[in-house]
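Throughout, a chain's letter reflects where its sequence line sits, starting with A, and its residues are numbered from 1.
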There are 2 protein chains.
Amino acid sequence: MDQNVFDDPRITAIGLLFEATAGLSARFSAQFEEHGLSAVEFEVLMRLTRSPGHQLRMTDLAAQTSLSTSGVTRVVDRMERDGLLRRRACPSDRRSSYAVVTAAGLARLDQTLPGHVQIIEQWFTGQLDPAALDALLDGLRQVRDAVHPGATAGSTDPLPAGAGDC
Amino acid sequence: MDQNVFDDPRITAIGLLFEATAGLSARFSAQFEEHGLSAVEFEVLMRLTRSPGHQLRMTDLAAQTSLSTSGVTRVVDRMERDGLLRRRACPSDRRSSYAVVTAAGLARLDQTLPGHVQIIEQWFTGQLDPAALDALLDGLRQVRDAVHPGATAGSTDPLPAGAGDC
DNA sequence: GATGGAATATTGCCATGCCTATAGTTGCTT
DNA sequence: AAGCAACTATAGGCATGGCAATATTCCATC
């Protein structure tokens with residue numbers, strides 16, 4: 001084991017990426033908690049709310065988040081219990097069901113978003129002058145397009161419909 | 001709930017960061033699994049191996065990873081069972097114990113690292129020309145320094161000793 | 001119109017890891 | 001020296017979420 005491996009610029013680079021992301025995640029989680037949400041619940045709320053009709057099939061929601069389908073079942077269970085979502089049967093396909101954001105869910109997201117955006121501004125976008133930020137985002141976009149995990153959390157991607165026929 | 005919120009450039013920016021990171025994480029996890037490691041175990045192995053004597057106190061290991069102290073107890077349990085680490089009592093302070101990387105642990109890391117670095121090169125550093133990469137890393141460094149979560153995964157930071165007196 | 005394969009959501013079982021409580025040390029203060 | 005607060009590692013209880021199995025529904029093919 002060569003000690004110099006740790007000084008490899010690639011190791012350093014990936015370390016920077018993960019440390020920056022982890023630091024931001026921690027701040028987000030703390031703020032979500034103030035509003036009674038977990039990071040996953042916020043992610044789900046964002047994805048649903050920006051989808052047509054504020055709804056998605058369970059499968060599509062899983063594909064667009066960091067969760068498996070069973071994970072979606074469970075987080076939707078919790079959020080339905082808390083009144084943030086409700087399930088709606090799909091009339092044209094009795095296998096499917098939709099998760100729909102309720103008024104309470106929209107209100108919760110409304111409460112949470114300003115602080116969320118403010119944290120992004122304070123610790124991320126606001127840390128860099130506009131040119132540096134553009135350069136950073138261009139680089140990230142290129143990496144994201146390359147590694148493309150489907151569509152995950154942040155929701156930058158064009159929406160792959162999913163609301164379909166119901 | 002204003003639909004335009006989702007087009008806020010700050011939301012877009014944070015989305016890019018998290019999607020890129022998530023995509024890389026997924027590739028890493030797949031490769032770690034080929035070598036019988038989880039992401040956390042790799043993180044622990046990296047942190048310990050780059051520390052003086054290939055060892056850290058449990059507390060320091062927790063501070064330098066994404067785990068709590070009880071999380072460290074449990075991951076060290078597993079890795080000790082698998083022969084990758086062993087515990088060593090600290091003679092000068094009977095409260096403390098060290099996690100020490102074994103020869104098998106070093107060998108496992110040796111097996112894993114080349115592929116890991118290759119993935120970084122293929123999907124991250126190699127995706128950008130040198131100037132763009134530098135710009136990206138400068139931006140990340142600035143964000144990391146601002147949000148500074150202590151020392152986490154990637155291990156870019158100078159080491160806060162921790163091997164101390166034993 | 002049957003039938004078999006694909007799709008969908010859910011559940012059981014399990015691993016992981018956090019929070020809190022606990023027990024053992026240490027060292028400072030009186 | 002006795003007491004006490006801080007520190008350290010661990011264990012119990014709990015929440016989360018993945019994988020595999022399951023039941024239901026759809027659809028294409030015969």
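- Backbone-only engagement by A/Val40 is indicated by non-hydrogen atom pairs under 4.0 Å involving sugar-phosphate atoms exclusively.
- Residue A/Thr69 is classed as a base contact, given a heavy-atom separation below 4.0 Å to a base.
- D/dA15 atom P lies 10 Å from atom CZ of A/Arg78, rounded to whole Å.
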Q) Can B/Arg141 and B/Asp138 be said to form a salt bridge (charged side-chain N to carboxylate O under 4.0 Å, His left out), step by step? A) CA-CA 5 Å; B/Arg141 193 166 358 251; B/Asp138 282 346; 3.5 Å; yes
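- Residue A/Arg95 places no side-chain N or O under 4.0 Å from the OP1 or OP2 atom of C/dA6.
- Distance CG (B/Asp93) to C1' (C/dA23): 15 Å, rounded to an integer number of Å.
- Between D/dT10 and B/Arg74, no contact under 4.0 Å exists linking OP1 or OP2 to a side-chain N or O.
- Spacing between atom CZ of A/Arg87 and atom C1' of C/dT8 amounts to 13 Å, rounded to whole angstrom units.
- Here D/dT8 presents its C1' atom at 16 Å from CZ of B/Arg88, a figure rounded to the nearest Å.
- Of all heavy-atom pairs between A/Met58 and A/Thr73, the closest is CE-CA, 3.7 Å.
- A parallel orientation is assigned to the rings of A/Phe32 and A/Phe42, their planes being inclined by less than 30° (bins at 30° and 60°).
- Rounded to whole Å, atom P of D/dA15 lies 15 Å from atom CD of A/Glu33.
- Residue A/Leu67 has its side chain nearest to D/dG18 when only C/dT25, D/dG18, C/dC18 are considered.
- The B/Met58 side chain lies nearest to D/dT10 when the options are D/dT10, C/dT10, C/dC18.
- For the pair B/Asp77 CG and C/dG17 P, the computed distance is 12 Å after rounding to whole Å.
- Not a single donor-acceptor contact under 3.5 angstrom links the side-chain atoms of B/Arg94 to the base of C/dG27.
- Annotation: side chain of A/Leu109 is not in contact with side chain of A/Glu41 (no heavy-atom distance under 4.5 Å).
- With hydrogens and angles left out, the side-chain atoms of B/Ser96 and B/Arg57 include a donor and acceptor closer than 3.5 Å.
- Whole-Å rounding puts the B/Leu56 CG to D/dT8 P distance at 13 Å.
- Within the 4.0 angstrom heavy-atom criterion, only backbone atoms of the sugar-phosphate kind lie near B/Ser97; the bases stay farther away.
- For C/dC19, the base has a donor-acceptor partner in the side chain of B/Ser70 [N/O atoms by modelled type, under 3.5 angstrom].
- The separation between B/Arg57 atom CZ and C/dT26 atom P is 13 Å, rounded to whole Å.
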